[in-house]
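Here is the structure we will look at.
Everything numeric in this text was worked out from a predicted model, so none of it was measured. Here is how names work: the chains are called A, B, and so on, in the same order as the sequence lines, proteins then strands, and each is numbered from 1.
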Amino acid sequence: MNQKRKLNKLNYYNMPELPEVETIKRELEKVIIGKRVTDVIINNAKVIREPKKEKFVADLKNVVIKKMIRRGKLLIFELSSGKSLTIHLKMTGQLIYPGDGRLSRVSFELSDGKLLDFNDNRLFGELRIVDDWQKLKFIKELGPEPFDIDAEKFKEMLANKKTKIKVLIMDQKIISGIGNLYANEALFRARIYPERLANHLSDKEKELLFKEIKNTLSEAIQYKGSSVDQYVQVSGKPGEYARYHKVYDREGESCFRCKEKIKRISLGGRGTYFCPSCQK
DNA sequence: CGGGGCTCCTGTGCGC
DNA sequence: TGCGCACAGGAGCCCC
């Protein structure tokens, strides 16, 4: 059943997490920094969270994109006006350059005459223009990036948490950038069962998990992300990392380590994949 | 503090 | 063949 579903899939599925957003940032900054926004075409204003669409357009017209920054899964475009455009891709957001505007919710026309398309078929994405992105609630509450802390700090963060470990590492307020896919993969690699309570992990397990989170994320960045759902690179090409997934979306298939069948449970409403034999 | 459930939304894959 | 419906899921929010 799962096999069949995969075979029938014609498009690429999955939500952008840290590696996907980082890939988009690296590619996009090579081609849009220093360019001016000449026009903004809004095909669906739902994705514009602030300010109102007329002001959104006015705030962007004729400003230059100075710098791109990523914080967790959030992309930030610093503008010559001093304001910033922030984009959260959520589930199905895509940034395509050069775009053709056909599927876009919002297209930005740049001074080179080309379009930067924001596509998002589920309309969960969020575009904002803010005076100071550092004052955004999402940013202020965001936990540190896995690459910005050491194992000691990670252990400390888990110490008093009675939350299930998978739910905890997906909590952006605790640690930023990890979503469902990489949480599943990192736990498999660390051989930790996703429902274990964070404060019950041994120091060794915490250290291993921290290491595997960073390994998984950096490998995924190397391969330009995972295209299981709608994530694609800026060029429209899928990322290459999905072929290295060990558990995600592999329910009923054999574990690469022990041949046991991969199981799927639901944790916090999210599909959770693990090997019942290797993950304790 | 922790957990569960709902909301936003639409393509999809299923059952009938 | 086609209709209708459940499902997926990041993050915010509400309630127990």
Worksheet item: Could you give the CZ-to-P distance, from A/R105 to B/dC8, as a whole number of Å?
Response: 16 Å

Worksheet item: How many Å lie between CG on A/D120 and P on C/dG9, as a whole number?
Response: 16 Å

Item to complete: Could you pull out the closest heavy-atom pair between A/E17 and A/I178, with the gap in Å?
Response: OE1-C, 3.9 Å

Worksheet, complete the sentence: So ring-ring contact (aromatic ring centres under 6.0 Å, His included) across residues 100-134 of chain A, not counting sequence neighbours, yields none

Discussion item. Quick check on DNA chain B: between A/V167 and A/N44, whose nearest nucleotide comes earlier from the 5' end?
Written reply: A/V167

Worksheet entry | N/O donor-acceptor pair under 3.5 Å between A/E126 side chain and A/R49 backbone | no

Worksheet item: Which whole-number value in Å describes the distance from A/R122 CZ to C/dA6 C1'?
Response: 13 Å

Worksheet item: Under 4.0 Å between a side-chain N or O of A/K161 and OP1 or OP2 of B/dC1?
Response: no

Worksheet item: Does A/R49 put a side-chain nitrogen or oxygen below 4.0 Å from OP1 or OP2 of B/dC8?
Response: no

Item to complete: Round to the nearest Å and state the distance from A/K166 atom NZ to B/dG3 atom P.
Response: 13 Å

Worksheet item: Roughly how many Å is it from CD1 in A/I174 to P in B/dG2, rounded to a whole number?
Response: 8 Å

Item to complete: With heavy atoms under 4.0 Å as the rule, sort A/G268 into base, sugar-phosphate or nothing.
Response: nothing

Item to complete: Please check if the side chain of A/E219 supplies one atom and the backbone of A/T216 the other of a donor-acceptor pair under 3.5 Å.
Response: no

Practice prompt. Whole angstrom is fine here: how far is it from CG in A/N121 over to P in C/dA8?
Written response: 17 Å

Worksheet item: So, are A/D171 and A/K173 salt-bridged, with charged N and O less than 4.0 Å apart?
Response: no

Discussion item. Quick test of your reading of the model: are A/E195 and A/K164 salt-bridged, counting only N-O distances below 4.0 Å?
Written reply: yes

Discussion item. From the set B/dG4, B/dC9, C/dG9, return the single nucleotide nearest to any side-chain atom of A/K164.
Written reply: B/dG4

Discussion item. One character per nucleotide, please: for nucleotides 10-16 of chain C, 5' to 3', B when the base has a protein heavy atom closer than 4.0 Å, S when only the sugar-phosphate does, - otherwise.
Written reply: BBSS---

Show me the donor-acceptor pairs, under 3.5 Å and distance only, between side chains in residues 144-155 of chain A and residues at least two apart or in other chains.
{"from": "A/E145", "atom 1": "OE1", "to": "A/R70", "atom 2": "NH1", "distance (Å)": "3.1"}
{"from": "A/E145", "atom 1": "OE1", "to": "A/R70", "atom 2": "NH2", "distance (Å)": "3.1"}
{"from": "A/E145", "atom 1": "OE2", "to": "A/R70", "atom 2": "NH1", "distance (Å)": "3.1"}
{"from": "A/E145", "atom 1": "OE2", "to": "A/G72", "atom 2": "N", "distance (Å)": "2.7"}
{"from": "A/D150", "atom 1": "OD1", "to": "A/E152", "atom 2": "N", "distance (Å)": "3.3"}
{"from": "A/D150", "atom 1": "OD1", "to": "A/K153", "atom 2": "N", "distance (Å)": "2.9"}
{"from": "A/E152", "atom 1": "OE2", "to": "A/K155", "atom 2": "NZ", "distance (Å)": "3.1"}
{"from": "A/K155", "atom 1": "NZ", "to": "A/E207", "atom 2": "OE2", "distance (Å)": "2.6"}

Item to complete: Return the value, rounded to whole Å, for the distance between atom CG of A/L89 and atom P of B/dC8.
Response: 22 Å

Discussion item. Using whole Å, what does the distance between atom C1' of nucleotide B/dT7 and atom CG of A/L123 come to?
Written reply: 14 Å

